[in-house]
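Please read the structure below before turning to the comments.
Chain A is the first sequence line, chain B the second, and so forth, proteins listed ahead of strands; every chain is numbered from 1. What you see is a predicted model, and the numbers here were worked out from it, not measured in a lab.
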Amino acid sequence: MTRTVRVASGQGFWGDSLDAPRQQVEGGPIDYLMLDYLAEVTMSILQKQKERDPQMGYARDFIGAIESVLPGIVDRGVKVIANAGGVNPVACAQALVKAIAKAGHGGKVKVGIVTGDDLLPRIDELLAAGHALKHMETGAPLSTVRDSVLSANAYIGSTPIVEALQQGAQIVVTGRSTDTALTMAPLRHEFGWAADSWNQLAAGIVAGHILECGAQSSGGNCLHDWRTIPDLANVGYPIAEVQSDGTFVITKHPGTGGRVSVPSVTEQLVYEMGDPHSYITPDVVADFTSIRVAADGENRVRVHGITGGPATPFLKVSIAYRAGFKAVGSLVYSWPDAMEKAEMADRILRERLDRLGLRFDQVLTEFVGANATHGHLSGDGRDAPEVQFRVGVRGGDRASIERFTREIAPLVLNGPPSVTGFAGGRPKVEEVIAYWPALIDKRVVTTHVEVMS
Amino acid sequence: MSTSSVKVRLLDIAHTRSGDKGDMANCGVIALRPEWYPLLVRELTASRVSAHYGDLISGTVDRFELPNLNALNFLLHGALDGGGTLSLKTDAQGKVVSTAMLRIMLDVPADEAAALHLPVYPAAA
């Protein structure tokens with residue numbers, strides 16, 4: 001008797017559809033709902049929020065998402081796995097427990113918290129013990145930016161989430177778990193895959209990769225035949241129906257829009273891909289050149305044949321550090337000669353910044369509508385009906401960046417003609433939080449699981 | 001024996017998706033038909049792609065083959081102006097870097113194009 005476990009994706013990033021989680025729970029049978037809230041950019045936003053308020057630093061949308069699915073998950077016994085904890089999983093779980101009690105389900109829904117990914121309090125201890133936390137691309141030791149470090153989180157795998165499920169948690173909240181662990185953990189929990197069942201584990205990773213970006217595998221952002229993808233207004237988020245041997249079908253609930261097809265799934269498979277022979281995770285190294293995908297009926301794609309090998313002795317660590325300030329401003333120039341006017345505005349602005357004696361690490365101009373994303377491949381943009389002149393500066397001196405933000409608006413009256421699009425006001429100065437990817441010996445990262453009701 | 005060649009635009013024979021890893025963009029290029037994949041393997045070399053992007057990228061290009069998906073994966077190093085939160089670019093996360101790839105024009109022998117039913121560019125009126 002083959003048993004199927006259905007894992008549904010309800011969130012591809014923090015800011016994704018507020019309705020998708022409830023639609024996944026109520027639109028048809030599922031066993032698990034996975035919600036992925038974290039990207040590197042998200043971690044830096046959360047870190048800034050936690051600095052302002054120590055009770056923040058998690059994806060607050062998650063609380064609303066759980067409120068919207070609570071009746072459904074209680075009725076149907078659906079379990080939820082989310083990395084919504086961000087840089088403050090404990091505060092997230094506390095807010096969650098409060099919301100559950102307020103909704104009248106207190107005591108009925110156990111919440112598991114996974115911690116231990118936060119290495120910030122241990123940085124100096126780790127450096128002193130000889131863990132250089134070298135930048136994975138440049139090789140520079142972390143000591144070069146140590147004083148600017150804001151957060152440091154290890155990407156942790158599925159094991160602690162599996163433990164939380166084994167302890168009876170119905171909702172598991174993690175910090176910086178890998179996106180794929182959110183799908184892998186329920187599969188390991190249900191099927192009891194051994195820690196060295198490399199092929200099954202690799203299949204779990206591939207399923208997780210297909211689910212982790214929400215509707216991006218079920219017709220959203222799909223270039224293939226995009227005009228004919230039906231009813232994206234009511235797009236169905238993807239669901240993996242997984243068997244114990246690791247084969248699975250990607251599908252979506254009946255009556256929803258979007259499309260699950262070999263092309264839609266394949267586009268997601270190659271998204272953010274590195275060396276396909278070794279997709280490295282804390283649980284397993286998956287070989288994406290082994291994946292077989294085949295149509296299996298309408299809005300069903302069968303995925304099988306996946307192989308994998310032992311995990312590496314390392315975990316990836318994502319370190320955020322302060323790296324100066326930036327601001328981006330823009331104006332829109334209209335036909336005739338929109339591009340020429342925008343180019344003149346750029347020359348004038350740069351000359352003014354120069355006369356003011358302002359120095360930046362970088363000034364970048366783009367002409368949106370002409371060449372911002374395709375550069376020299378775009379043609380000259382001479383006939384464009386309008387061109388957005390978009391200029392950004394970055395540097396270590398906040399006052400210089402502030403001064404820059406005052407230099408855009410004057411161009412409306414004292415620069416080239418046919419200019420508009422300044423209703424948004426002065427550009428905002430943002431602090432730049434940069435990323436420092438590093439590796440660390442797995443053995444020094446200890447995760448902790450707590451289940452509360 | 002025919003020596004004439006025709007133009008085939010990548011947009012008409014493949015679809016793509018891209019994403020980021022630090023300052024690197026990846027571009028997955030998937031053949032629209034399995035029988036067109038060998039043409040991509042032959043024509044879409046790392047050096048061809050590197051030359052196409054030119055000054056849009058500051059580093060090298062790596063290529064990986066995924067015959068199981070009829071796809072090639074390219075890693076474009078130094079494509080994102082520092083990447084992530086550092087980059088001042090509109091497309092700081094490389095989301096549309098792969099659409100620029102679709103502009104590539106391949107020169108294909110006319111008889112091969114006919115045998116593979118390749119859409120020739122520009123399309124006949």
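Judged by distance alone, the side chains of A:Glu267 and B:His15 do bring a donor and an acceptor atom under 3.5 Å apart.
Under a 3.5 Å cut-off, the side chain of B:Ser50 and the backbone N or O of B:Ser47 do not form any donor-acceptor pair. Under the 3.5 Å distance criterion, the side-chain polar atoms of A:Asn199 are left unmatched by any main-chain donor or acceptor of A:Thr307.
The pair A:Arg322-A:Glu431 meets the salt-bridge criterion, since a charged nitrogen lies less than 4.0 angstrom from a carboxylate oxygen. Between B:Lys7 and B:Glu43 no salt bridge is recorded (no basic side-chain N to carboxylate O distance below 4.0 Å).
Of all the listed residues (A:Ala320, A:Pro263, A:Pro437), the one sharing the greatest number of non-hydrogen pairs under 4.5 Å with chain B is A:Pro263. The most heavy-atom pairs under 4.5 Å with chain A, out of B:Leu69, B:Leu32, B:Asp62, B:Asp91, come from B:Leu69. Note on A:Ala323, A:Pro276, A:Ala372: by heavy-atom pairs under 4.5 Å with chain B, the leading option is A:Pro276. With chain B as partner, the option from A:Arg292, A:Gln268, A:Glu272 having the largest number of non-hydrogen pairs under 4.5 angstrom is A:Glu272. Per-residue counts of heavy-atom pairs under 4.5 Å with chain A were compared for B:Lys21, B:His52, B:Met24, B:His77; the largest is that of B:His52. Among the candidates A:Glu137, A:Lys326, A:Gln216, the residue making the largest number of heavy-atom pairs closer than 4.5 Å to chain B is A:Gln216. Taking chain B as the reference chain and counting heavy-atom pairs below 4.5 Å, the highest number among A:Asp275, A:Val391, A:Val293 is found for A:Asp275. The candidate with the highest count of non-hydrogen atom pairs below 4.5 Å against chain B, out of A:Val270, A:Leu364, A:Leu377, A:Leu223, is A:Leu377.
Contact of B:Asn70 with chain A is not made at all, since no heavy-atom distance falls under 4.5 Å. The parts of B:Asp20 that come within reach of chain A are both its backbone and its side chain, each placing non-hydrogen atoms under 4.5 angstrom from that chain. Both the backbone and the side chain of B:Lys89 have a heavy atom closer than 4.5 Å to some heavy atom of chain A. With a threshold of 4.5 angstrom between heavy atoms, A:Val393 approaches chain B through N, CA, C or O but not through any side-chain atom. Only the side chain of A:Glu366 has a heavy atom closer than 4.5 Å to any heavy atom of chain B. For a residue to count as touching a neighbouring chain, one of its non-hydrogen atoms must lie under 4.5 Å from one of that chain's; by this rule B:Thr90 touches chain A with backbone and side chain alike. No part of A:Glu430 comes within reach of chain B, as not one of its non-hydrogen atoms sits under 4.5 angstrom from that chain. For A:Arg394, the parts lying under 4.5 angstrom from a heavy atom of chain B are both the backbone and the side chain. With a 4.5 angstrom heavy-atom cutoff, B:Ser98 does not touch chain A via any of its atoms.
Side chains of A:Leu269 and A:Val206 form a contact here, defined as non-hydrogen atoms less than 4.5 Å apart.
Among A:Tyr271, A:Tyr279, A:Phe248, the single residue meeting the ring pair (Phe, Tyr, Trp, His ring centres under 6.0 Å) criterion with A:His209 is A:Tyr279.
Distance check: B:Ile30 CD1 to B:Leu72 CG gives 10.0 Å after rounding to the nearest 0.5 Å.
Smallest separation of non-hydrogen atoms from A:Val429 and A:Ala327: CA-CB, 4.3 Å.
Ring geometry for B:Phe64 versus A:His277: interplanar angle over 60°, hence perpendicular rather than tilted (30 to 60°).
The neighbour count for A:Lys134 NZ, taken as heavy atoms of other residues, nucleotides or ligands under 6.0 Å away, does not exceed 12.
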